There are 2 protein chains.
Amino acid sequence: MDGPRIQKIEQSKLRESAYSALRGAFMRGEFAPGTVVSLRTLADQLGTSMTPVREAVRRLVAEGAFVDTPSRKLEVPPFDERRMKDLMSARLALEGLVLRQAAQSMGPGDIAGLRAIIDQPRRPDLQGPDLEANYDFHFTLYRLSGSEVLLPMIEALWLQYGAYLNRIIHEAAAQELEEHAHHVEILAALEAGDIAAAEAALQDDIKRSFGVLLPAV
Amino acid sequence: MDGPRIQKIEQSKLRESAYSALRGAFMRGEFAPGTVVSLRTLADQLGTSMTPVREAVRRLVAEGAFVDTPSRKLEVPPFDERRMKDLMSARLALEGLVLRQAAQSMGPGDIAGLRAIIDQPRRPDLQGPDLEANYDFHFTLYRLSGSEVLLPMIEALWLQYGAYLNRIIHEAAAQELEEHAHHVEILAALEAGDIAAAEAALQDDIKRSFGVLLPAV
DNA sequence: TCAAATATAAAATATCACAGTTGAAGGGCG
DNA sequence: CGCCCTTCAACTGTGATATTTTATATTTGA
């Protein structure tokens, strides 16, 4: 039991660094649901004092990555099917919105950028789906929407989902192929200008990514 | 120019109090878009040290009420039609979700509770729409969904919208009637068990509430 | 008049003091 | 001898404050 692996941070802008370090750990599924963390421990691991960690943690609480317990401890929300379903519903609703917006303001260069991500060589060294590639594809797509409102909300959803990744990591390696196929399908639809088809493929992709955790979709 | 009116707070649980004081000020439209605030000023106004304010503000940043400027000041997001449209789209998408969920787990007592809010006497003393009654109706409805994921997201959307209320307050008094009519319509549809109709009425209500700020809906 | 240097004010971090909680050791009772 | 209750020590978050860093405004010198 060596706890979640968090990258150490360095110099100024400590708050921001602490936040992104913790956020990265979440996205990689390092925090198991139900884990309780202490500010002092986190501060030690990050090599800073408590102050920046406190602020970073406050933000993560607001984003749903941690929850405050009645005894004022910090806990990673335990697994909950209801919560999971809500996360999926919200993702389906909001990511559909940004996809439509992105499709409208998208040029050939953007398509090329997406293709470059898809064509990136996969890493066969790690078991489990290629988390970074998945994240990259979705968010370079969503960033094209340019929405300062919707993007942070979707990031928060991914963050909350990220904790549950802990469950499926080291387990479902076959997923990667399917995931990649969905990405290809989304991009093809966008190239053809068929936004409805792209949205349908995106919905399949999202539902699939919840498939392991939510038996009946 | 006497700045936003923020209620002073008292004893322990300072962070939570600071948060709800600031949040309340936002919801009442006390913060004009584009306002820049300093932590010290806020701390002084609230009568506490900077620490609780700092953490409260972090949460508000995560919820989109404040944004960090490059010069590490805090700013209330300036008015932006794009932002406004996104807020509306997100509300339409997410509040539709929770309405459906709420409708399923709703009993006669819940209906009665909603009716009680609607039948509350309006306050003719204040110009502008009755903000509290509006909030009460929507959130007692949404709370019935019991979603720990969706509710905080929607609250954040209302919070961001709240800053823009500053623009329409003291202006659109006629809205209240229309708003009330929508609420009645939503409730009637729910009583009849017609969820689709309730959702349609909700969408009208949301669109209307953005109407003053977004000319063409 | 403009630019560089400096002074001032605010924020970021670190540290400190305090109060509540937790969990385990120890003592008393069945 | 075993179980439960009490007690106490270590640990936690919270709020305050001191210190350092950074940005902005001001002044000074060319």
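Labels below follow one simple rule: chain letters A, B, ... track the order of the sequence lines, proteins then strands, and each chain is numbered from 1. Just so you know, these numbers come straight off a predicted model, no measurement behind them.
- Looking at the side chain of B:T48, the nearest of the listed nucleotides C:dT22, D:dA16, C:dA14 is D:dA16.
- The side chain of A:R58 has D:dT14 as its nearest neighbour among D:dT14, C:dT13, D:dA16.
- The CE atom of B:M88 lies 12.5 Å from the CG atom of B:L157; values are rounded to the nearest 0.5 Å.
- If you check every strand for non-hydrogen atoms under 4.0 Å, A:V37 touches sugar and phosphate atoms only.
- Between A:S38 and D:dC11 there is no side-chain N or O to OP1 or OP2 distance below 4.0 Å.
- Remark: the A:R40 side chain and the A:Q45 side chain contain no N/O donor-acceptor pair separated by less than 3.5 Å.
- Under 4.0 angstrom from either OP1 or OP2 of D:dT12 there lies no side-chain N or O belonging to A:R40.
- Between C:dT22 and A:S71, a contact under 4.0 Å exists linking OP1 or OP2 to a side-chain N or O.
- Scored by the ring pair (Phe, Tyr, Trp, His ring centres under 6.0 Å) test, B:F139 finds B:Y135, B:Y142, B:W158 as partners (sequence neighbours excluded).
- For A:T41, counting side-chain heavy atoms from C-beta on, the closest listed nucleotide (C:dT15, D:dG13, D:dT12) is D:dT12.
- Set against C:dT13, D:dA23, D:dG13, the side chain of B:R72 has D:dA23 as its closest nucleotide.
- With D:dT24, C:dT15, D:dG13 as the candidates, the nucleotide lying closest to the side chain of A:S49 is C:dT15.
- What separates CD of B:E75 from P of C:dA10 is a distance of 18 Å, to the nearest Å.
- Computed from coordinates, the A:D44 CG to C:dA14 P distance equals 12 Å when rounded to whole Å.
- For B:R54 and C:dA12, the shortest distance from a side-chain N or O to OP1 or OP2 is below 4.0 Å.
- At the phosphate of C:dT13, neither OP1 nor OP2 sits under 4.0 Å from any side-chain N or O atom of A:T51.
- Rounding to whole angstrom units, CD of residue A:E55 and P of C:dA14 are separated by 11 Å.
- Under the 30°/60° scheme for interplanar angles, the aromatic rings of B:F210 and B:Y161 are found to be tilted.
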